[in-house]
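First listed ligand is number 1; within each ligand, the first listed atom is number 1.
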Amino acid sequence: MSDRAPQWVERRLPTEESSQLVALVRDIAQREITPRAAEEEEAGRFPREVFTLLSESGLLGLPYDSAHGGGDQPYEVYLQVLEELSAARLTVGLGVSVHSLACHALAGYGTKGQQTEHLPAMLSGGLLGAYCLSEPASGSDAASLVTKAVRDGEDWVITGTKAWITHGGIADFYTVLARTGVEGPRGITAFLVPGDAPGLGAAVPEKKMGMKGSPTAQLHFDGVRVPDARRIGEEGQGFAIALSALDSGRLGIAACAIGVAQAALNEALGYATGRKQFGRPIADFQGLRFMLADMATRIEAGRALYLEAARLRDAGRPFSRQAAMAKLFCTDAAMQVTVDAVQVLGGYGYTQDFPVERLMREAKVLQIVEGTNQIQRMVIARHLAGPESR
Ligand SMILES: Cc1cc2nc3c(=O)[nH]c(=O)nc-3n(C[C@H](O)[C@H](O)[C@H](O)COP(=O)(O)OP(=O)(O)OC[C@H]3O[C@@H](n4cnc5c(N)ncnc54)[C@H](O)[C@@H]3O)c2cc1C
């Protein structure tokens, strides 16, 4: 092992308050998250108590309005908090990002009455959220979803199956996209569904390659009745709401990816300076030095890219293209950096005695969720060259 602790990243945060916030998060991560991460991931245990602690510490609603229980933090700060949490354990960092995604619809498109009624509990009342867009037959082509919501008096009745739902079966509320009208993107509406709604059931969670502590499950809606007061936005506005949530969510995934990559680099640096071969630390050999240099460069480039997109968002400027670029670049960077970290550790990197194999398995999912990296390229190309002709 290393005889020299690797330096953690120096952050440039906009205010003293935000520096203290990130320091608080790092402290919570080091005390409450990192020490149990490996064991609980192996056991597939979801750390609900960590989310309760984060909620009590005001960390589950950071980018939202304090009038509704949020933290009033710019995205630039919120994302760096996600990065710290993900470096400690992706199940937590990604979980916070998904929770935030689930709050986006109501915070951005709900009525004042809905926001006053529901947001405080969602943002700082200990509730955990989930976001339900994907279905068994509609992933990348999300606008082809078939889960139906049918109007019945003052209620809507939801029937269908959602797939791959992070926090599926354990969430307190679900932001659900369902078809209320014509085929395609214009026939979709968003709803806020309570976790204990009659007719709502979850399948056994998927057996995944990584992030085993984060439950991912199908959700079955068997005539789930929700009042019209739980419809978010206008009828037919749901897909636009979903896409707007994903623009912000993708920045969250980018930050999670950089957290995972930074954790892998720290491990690799610590190991390379301590491990000796041929009578010298392996960090002396140019073959490894260049690899470490490339890993660090990818991480810093990714961080700069997601922060640039976040600052555009914070300034109220369009950031969709930059968010797609940040998601694409940062998650590809995390994949490469974690693979390289395993290489730096040699045979030990391939064992569960060190965290890099887990980080490598975790990085993979980030290239898939919230729009695969092929879909990010489509989004970027549309911004550059306009829509594809058919
Ligand atoms: C761990 C995990 C957690 C998730 N959490 C959630 C969640 O909380 N909520 C939610 O709604 N969803 C969630 N998802 C679903 C995720 O968003 C989808 O898996 C993703 O959008 C891809 O959809 P798919 O898996 O159906 O793949 P498909 O859409 O079937 O794609 C398969 C392959 O084809 C490629 N492809 C598809 N269309 C094109 C195209 N036009 N051009 C080029 N390539 C293309 C894709 O990039 C991919 O490589 C989660 C998934 C995982 C694995």
Contact bool for atom 33 (C) of ligand 1 (protein heavy atom, d < 4.0 Å): no
Side chains of Lys208 and Thr216, donor plus acceptor under 3.5 Å: yes
Part of Leu133 within contact of ligand 1 (heavy atoms, under 4.0 Å): both
Test item: protein heavy atom less than 4.0 Å from atom 5 (N) of ligand 1: yes
Within-cut-off N or O pair, Gln374 and ligand 1, under 3.5 Å: yes
Pair Thr52, Ser55: side-chain N/O donor-acceptor within cut-off below 3.5 Å: no
Student check: side-chain heavy atoms of Val176 and Lys162 closer than 4.5 Å: yes
Aromatic plane relationship, Tyr271 with Tyr348 - under 30° parallel, 30 to 60° tilted, over 60° perpendicular: tilted
Centroid-centroid distance, Phe46 to His167, less than 6.0 Å: yes
Ligand 1 N/O within reach of Thr372 N/O, cut-off under 3.5 Å: yes
Heavy-atom nearest neighbour in the protein, as seen from atom 39 (C) of ligand 1, with distance rounded to 0.1 Å: Ile375 CD1, 4.1 Å
Between Glu135 and Thr161, a side-chain donor and acceptor under 3.5 Å: no
Nitrogen or oxygen atoms of Trp164 and ligand 1 under 3.5 Å apart: yes
Thr166, portion touching ligand 1 at heavy-atom distance under 4.0 Å: both
Tyr131 neighbourhood, listing ligand 1 atoms whose heavy-atom distance to it stays under 4.0 Å: 7 (C), 8 (O), 9 (N), 10 (C), 11 (O)
Part of Glu370 with heavy atoms under 4.0 Å of ligand 1, whether side chain, backbone, both or neither: backbone
Side-chain donor or acceptor of Arg230 paired with backbone N/O of Ile232 under 3.5 Å: no
Atom 10 (C) of ligand 1: the protein heavy-atom neighbour that sits closest, reported with distance to 0.1 Å: Ser134 OG, 3.4 Å
Option whose closest heavy atom lies nearest to atom 29 (O) of ligand 1, chosen from Ser140, Gly210, Gly139: Ser140
Cation-pi, Phe191 ring and Arg231 (6.0 angstrom, 45 degrees): no
Heavy atoms of other groups near Lys148 NZ, more than 12 under 6.0 Å: no
Test item, Met378 contacting ligand 1 (heavy atom, 4.0 angstrom): yes
Where ligand 1 meets Val365 - atom numbers and elements under 4.0 angstrom, heavy-atom basis: 1 (C), 53 (C)
Worked verdict on Ile158 versus Val226 for side chain to side chain contact (heavy atoms under 4.5 Å, CB included): CA-CA 8 Å; Ile158 306 178; Val226 290; 4.1 Å; yes
Val369: numbered ligand 1 atoms lying under 4.0 Å from its heavy atoms: 2 (C), 3 (C), 4 (C), 50 (C), 51 (C), 52 (C)
Sub-4.0 Å atoms of ligand 1 with respect to non-hydrogen atoms of Ile368: 19 (O), 20 (C)
